[in-house]
Structures are given as structure tokens and as C-alpha cells.
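A note on names: the letters A, B, ... follow the listed sequences, proteins ahead of strands, and every chain is numbered from 1.
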Amino acid sequence: MALLEVENLQTHFRTPEGVNRAVEGVSFHVEEGETLAIVGESGCGKSVTSMSLMRLIPPSAGRIAGSIRFDGRDLLGLPEREMRSIRGNDISMIFQEPLTSLNPVLTIGYQIGETLRLHQGLSAAEARAKAIEMLTLVGISEPARRIACYPHELSGGMRQRVMIAIALACNPRLLIADEPTTALDVTIQAQILDLMRDLKQRVGAAIVLITHDLGVVAEMAERVMVMYAGRKVEEAPVAQLFKTPRHPYTRGLLGAIPRLGSSLTGRQERLAEIPGQVPSLKNRITGCVFAGRCSQADEICRTIAPGLETKAPGHFAACHQALREEAPS
Amino acid sequence: MSNPLLQVNDLVKHYPVGRTLSGRPKSVVHAVDGLSFHVDRGETLSLVGESGCGKSTVGRAILRLVDITMGQIVLDGRRIDDISQASLHPVRRRIQVVFQDPFSSLNPRMRVRDILAEPIRNFRLATGQDLERRLGELMDMVQLPRDSLGRLPHEFSGGQRQRIGIARALAAKPDLIICDEAVSALDVSVKAQVVNLLQDLQRDLGLALLFISHDLAIVEHMTQRIAVMYLGKIVEIGERRQIFGDPRHPYTVALMSALPTPDPETRRRRVTLVGDVPSPIDPPPGCRFHGRCPLAGETCRRIEPDLRQIAPGHWAACHLDDISAMTRDATV
Ligand SMILES: Nc1ncnc2c1ncn2[C@@H]1O[C@H](COP(=O)(O)OP(=O)(O)OP(=O)(O)O)[C@@H](O)[C@H]1O
Ligand SMILES: Nc1ncnc2c1ncn2[C@@H]1O[C@H](COP(=O)(O)OP(=O)(O)OP(=O)(O)O)[C@@H](O)[C@H]1O
Ligand code: SF4
Ligand SMILES: [Mg+2]
Ligand SMILES: [Mg+2]
């Protein structure tokens, strides 16, 4: 049994203009000690998926359905009190927007310490010492002075690292990291990725890594899940995904990666984009969700929604055309 | 010769941190410590460097969101660092910003329509029908559906919110946009759309960009010139082909080599920076990079290197003339 098993997750928001089907029937699993990367176009439901795992969607805003099993326990059925003890302890999360998830009126030392006192029962002095240690690990200089800072006194990347320190402090068994390194330069990023690897090795933690940086995906993940318009459209072991992407969206995505080296040719070319826009999630979509932007779309694509099918061991894609096609070598 | 659009001279910004009982600051953060550069009309200058090295502070100082400790900021030949709030109003239209953290920079209670209309009304750029048309145009420019003008920021994904921020900056028809990690939260395809859009606008409107970013591939793509910062100072500045093709500061080399490549089968060799991250509260003597620099020698620990010209337009602040020992190890 996998550490995390998600079956047919659906998260829908009520909005004045109708229901927004942000996540529409997504299933996946993560094994202990494994890193699953989730990639996909901005707005495709990655953060909503991760917030749903933590049950952080307020009932007034939206509804989560399906099943989420962590270590055999059904998270959607747990009383809020038990869920609270799981959050931050067994499962912790690095949020996409650090400023909104740190408390502006408390010092960062207090905020890291609080997690430790709450979940690990450390005394105030122990928590302080551990907070300083965590800040050092995430590359913050003079941590003993910095613990007295408020979030607004830190740079964007420093705030992100404080959040990472909080998330890692309790050695979670599952770490959900939503764009953990976007605000960081590459040298600090490398240091943070090492910390995440270390967490995997030390406590066998599983990681769900959401990122737009396909370089980070290549470096960190064992498996990759590609989402589009609230659905999973492809999943594969990392090497296979980069080598033989099956879904046209995934191909477009990989084709749009800007590569270093343009300054040597001296030409400033346009970056490759995927033309068109994601369909509105408020209407029911018949056919393939990507059909409107897909160069290979035909009549079948526009009328029948493709299901996820196995293309190779461990490699799934939801595309009518990918079925008929020989694997590109 | 005409003035550059923006000229920054010897900018210094110190933040007080902590208070003693008498209310005096315990220590100061030397966030920006004597930094000069210019941005020409229609040009992109990128600012890169380690997290916490002072990039956003430079942006905030130019926008006059913080008071500067020393130095001058000159727009079109006129100093703007010492003028009154009233004379600042027209300047504010000309310099716009897109921030790193889209959520906290958008008022959560304002609908997108009002967020975009605010600068248009504020600077009297359009009213009535024209305003309505302009709102539609802005939504098209950043590729958000027009029918989402009535929505609140929290109803958008991170990347979509960033596009609202960009639309708001464009609404004022500025001459200079400071993009502080403006495209970092976007996926590669949407990022490509926004970058292409910024480049089109730059061409069509003669827009200048101060582009603060950690994404070196995008920086290389976008920019004419690059300034590399380390702990409050510029350590290297030059044309992009000079910085990417012939970096002359060890920190620049380390930065370039740490970039992960989007290919699981080739893992690049990096220059890992060892040693403690130096503190902007107590900047080290000598070269600020010496504690982590694999090439540091005795002089580096004592004497601070000045920016020296390497080639026309290319400056680096390192005592060594030859840092090839570093490049040899780093690039494979
Ligand atoms: N509270 C909410 N109310 C209504 N709609 C919401 C809410 N939160 C998110 N959404 C919608 O859900 C969809 C998915 O958003 P989500 O934040 O998961 O995207 P994402 O994949 O994380 O994108 P990004 O890469 O830009 O962060 C979007 O269309 C967004 O507008
Ligand atoms: N309001 C403030 N009070 C005290 N110190 C501050 C304040 N704002 C910034 N600093 C400090 O100034 C230094 C530079 O911060 P700045 O935000 O300019 O960095 P940055 O280069 O933009 O980093 P990042 O890449 O992480 O965004 C940091 O040490 C930060 O802690
Ligand atoms: S001056 Fe010395 S310490 Fe500084 S970068 Fe050059 S070699 Fe390294
Ligand atoms: Mg997100
Ligand atoms: Mg910043």
C-alpha cells in the first residue's frame, strides 16, 4: 500500500458565475521515500489539489469529493481535530505564497518555534535552539539575530526559506511542496533541494513536488504527473516523460523550455508558446480538454473524452492520438 | 548625448533592525551598499544575485517605497529621490512595478475591474467607453478571459494573479516597469507568452524594463545587459554575451553553474558554494565574497576590490585577472 493514495479527487468551487471544476477526477499515489512531481499550466489545479490533500479548502468556498488515504487512513473522513494533528506533523506543506502563510505580526523565530513546541513538545529554549539550526540549514546568515525579525523584514526568498524551515522542522512523512524554490536563486535552490533529498533519506519521507521548473523536476522526481484543466493527462517515470512524452500538451510544455545559450548565437528569438487558452472550467467539457489547442485534434477528440491508458509500463496518457502512434524513439 | 532613462548613483539603503531600550536600532542591515547603474530607454537591464542580496530593495528605492540612506536616483535627467510627494505623482505613472508575491500586492477585496481601472482613473488616462475598451485590451494582452473582470484575486491561480499584476502595471502606460520576479510563478508556456508580450510591448511602446529574476534562462533570453549583485553590491555588470560567455567574477561563475538542466540524464557539474552565507548586518572586510570563493587569497581578505573595466561595457569587482581555474572546473 502506498503512503498516499488519491482516488477520483474532485474539488469544485462555487462562484457567482457557476461552479468552477478546478480539480475533476484526479487519481494518483505516492510511495514512501518517493518524489512525485506535478506539472501543468498555470491554473490547471495543482495548488487546489495540494490544498485538498491538506483539507485546506474552506467549506464555504468549495467542496472536496473522492478519497484521500494517507497511511491507510481516510483523510476526508477524519474529524477536524485529528486532521489538525496530522497537518504540520505527518504531512507538512510549503505554500506557493509565503507572505500570506506567515503571520505578519509574529517574529519568524516564534513561528518556527511554535511548530516545534506544538508538535514535538520542545521547551522554549530547545525550540529556539532548533529554530536557529533550521535557519542555518536553509542558508540564512546570522540566524540568532534573524529570529527576531518579522516577515516583512526579510527578502522574498528568505521568507520562502523560513516556510521551508517550518515545513521541515518536524520531519514530516509527507512533504507537499508547492513551488518551493521559485523565489530562490539557483545556488540556494540547490541547497534547498539537498535538504529535501536529505529528508527523504533520513526519515523515508515522500514528497509531492509542484513546480514549473522542469530542471528541478528532472533533478528531483522519480515520477511525474502532468495536469491540464483540472485533469491528469499523463503520468510517467521521469526519464521516460522527458524522452518520450505521449500527450501533445506535455510535448508542447517540454518544447517551451527556454534553454541557456541564446547569447552565444546573438539572436533573440521568440520563446516557444503553446498557442490558445485553457477552456473555462465552468462549462462541462465534451471531448478532450486539450482539443481546442491541439494540432492533432480530430473529430473524435472533439466529441469523446479520452481516458487514461497505459502506453508503456508505468506510463499513462489520456489522448486518442497517442494510442495510434508508434513510440517516437 | 542624451540622458539615460534612469540613472542610479551610489545608492545606499540601510534598514535598522531590533531596538535597544532607548529606542535606538541595535544594528543595521546593509541591504544595498553603494551601487550605480543606468537603464536606457527601451532597454532591459536584468538584476540577478543571491536571495537577500538587495535586489528588491533597489526596486523599492527607485519606486520611492522606501527612503534611501544615500545616493541619487535620476529619471530623465531629473533627481526623483528628493522631490515632494506632490511632484512625485507624474513620476509614479512613468515607473510601474510587478511584484514577486502577486497575492499580497493585490487588494483582496477589489475586483479585477477595479484593480485595473484604478491607475487609469488615477492618472486620468481614460473614462467611460474608452476605459471599458482599455480594460478589455489589458485582459487580452495578458491573456485572461474578459469575463473574469468581475472576479476577486483569490479566485485566480498564482500565475493568473501574476498576470493581473502585469496588466495593472501596463494600465498606467509607463516608460519603465520594474519586474520583481514577475514571471517566476508562471509555467513555461504562460511564461513564454508573458515574456514575448513584454518584448512586443517593449518594441511597440519603447518600454524599458528593470528585470529582477532568478531565472537565468529567461534573463539570458530577455535582456541586453545584466548586473550581478552580491551582498548589496554589483560584482559584475556587462552585456549578456559578456556575462554568459565570459564571466569574470567567481560568484557569476558559481551562479551560472548551479542551474539545473531540464534533462534527467545529464546532471551538470556545479560549483557548490561552501562556507557560511555572509551577513548583511556585519559585511565581511575585503571582498564580500571571499569566505565562499574558491580562489580567494590574502589580498581578498583585506582589500575590497572595486569594479574594474574588463572590456567596453563589461566591469567586474575581483582582484584576479584570470579566474579560468574556476571556469575550467565548472563547465562541462
Ligand atoms: N477560492 C477559490 N474560489 C474559486 N476558484 C478558485 C479558488 N481557488 C482556486 N480557484 C480556481 O481553481 C483553478 C485552479 O487553481 P490552482 O491555484 O490550483 O492552479 P495552479 O495549477 O496551482 O496554478 P499556478 O501554477 O498558477 O499556481 C483556477 O481556475 C482558479 O481560478
Ligand atoms: N523592511 C525591512 N527591514 C529590515 N530589513 C529588511 C527590510 N526589507 C529588506 N530587509 C533586508 O534587506 C536585505 C535585502 O533584501 P531584499 O528584499 O532587497 O533582497 P532580494 O535580493 O530581493 O532577495 P530575494 O531574491 O530573496 O527576493 C535582506 O537582508 C533583508 O532581510
Ligand atoms: S576578489 Fe578574491 S575573494 Fe573576491 S571574488 Fe575575486 S578572487 Fe574571490
Ligand atoms: Mg499554484
Ligand atoms: Mg526580492
Side-chain angles (χ1 to χ4, degrees), chain A residues 13 15-17 20 39-43 47 96-100 139-142 145 148-149 153 155-158 161 179 182-190 212-219 238-239 242 252-254 256-260 262-264 266 268 270-274 277 280, chain B residues 15 17-18 27 48-52 56 100-104 143 145 147 150-151 155-160 181 184-193 195-196 214 216-218 220-221 240-241 244-245 254-255 258-265 267 270 272-273 276-282:
Chain A
F13 292 100
T15 73
E17 307 96 67
N20 189 351
V39 301
E41 181 139 315
S42 179
S47 298
Q96 192 171 2
E97 277 156 2
L99 204 57
T100 41
I140 290 185
S141 64
E142 292 209 67
R145 283 202 215 172
C149 283
E153 295 178 318
S155 79
M158 289 162 84
R161 285 180 275 158
E179 300 288 353
T182 36
L184 302 177
D185 63 280
V186 285
T187 53
I188 303 250
Q189 168 172 290
H212 290 308
D213 188 331
L214 294 157
V216 171
V217 172
E219 192 155 307
V238 66
F242 278 85
L253 189 70
L254 294 174
I257 304 176
R259 310 267 169 174
L260 273 183
S262 59
S263 60
L264 300 177
Q268 280 185 327
R270 279 179 89 72
L271 293 173
E273 349 176 328
I274 304 172
Q277 275 198 51
S280 165
Chain B
Y15 292 105
V17 285
S27 43
V48 302
E50 192 159 59
S51 167
S56 299
Q100 181 163 343
D101 204 333
F103 198 55
S104 56
Q143 297 175 26
D147 65 11
R151 290 163 72 186
E155 296 173 39
F156 291 86
S157 80
Q160 293 166 331
E181 299 291 351
S184 315
L186 307 176
D187 69 273
V188 289
S189 161
V190 173
K191 188 185 294 195
Q193 287 172 359
V195 165
N196 290 339
H214 289 304
L216 294 175
I218 290 291
E220 184 184 28
H221 180 84
R240 96 189 154 129
R241 108 194 106 72
F244 280 92
L255 189 67
L259 193 69
T261 41
D263 179 353
E265 276 158 23
R267 301 208 161 163
R270 328 180 136 143
T272 318
L273 290 178
D276 285 336
V277 183
S279 161
I281 301 177
D282 276 318

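Looking at A:Ile188, the atoms closer than 4.5 Å to chain B (heavy atoms on both sides) all sit in the side chain, from C-beta outward. Both the backbone and the side chain of B:Ser279 come within contact range of chain A, with heavy atoms under 4.5 Å apart. With a 4.5 Å cut-off on non-hydrogen atoms, A:Ala148 does not touch chain B at all. Proximity to chain B (any heavy atom under 4.5 Å) is restricted, for A:Ser155, to the side chain, taken from C-beta onward.
Using a 4.5 Å cut-off on side-chain heavy atoms (C-beta onward), A:Leu271 and B:Ile218 make contact. In this structure, the side chains of A:Ser141 and B:Pro278 stay at 4.5 Å or more apart for every pair of heavy atoms.
Considering only residues two or more places apart in sequence or on other chains, B:Asp147 meets the side-chain contact (heavy atoms from CB on, under 4.5 Å) condition with B:Pro145. For B:Glu181, the side chain to side chain donor-acceptor pair (under 3.5 Å) partners at least two apart in sequence or on another chain are B:Ser184, B:His214.
Contacts with chain A were tallied for B:Asp187, B:Val190, B:Leu186, B:Ile281; B:Asp187 has the most, counting heavy-atom pairs under 4.5 Å. Options A:Thr15, A:Thr182, A:Leu254 differ in how many heavy-atom pairs under 4.5 Å they form with chain B, and the most are formed by A:Thr182. Each of A:Arg161, A:Glu179, A:Glu153, A:Met158 has some count of heavy-atom pairs under 4.5 Å with chain B, and the biggest count is that of A:Arg161.
Taking both residues in full, the closest heavy atoms of B:Gln193 and A:Ile274 are given as NE2-O, 3.5 Å, listed atom of the first, atom of the second, then distance.
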side-chain contact (heavy atoms from CB on, under 4.5 Å), that's the test. Do A:Asn20 and B:Arg151 meet it? Break it down for me. CA-CA 12 Å; A:Asn20 189 351; B:Arg151 290 163 72 186; 3.9 Å; yes
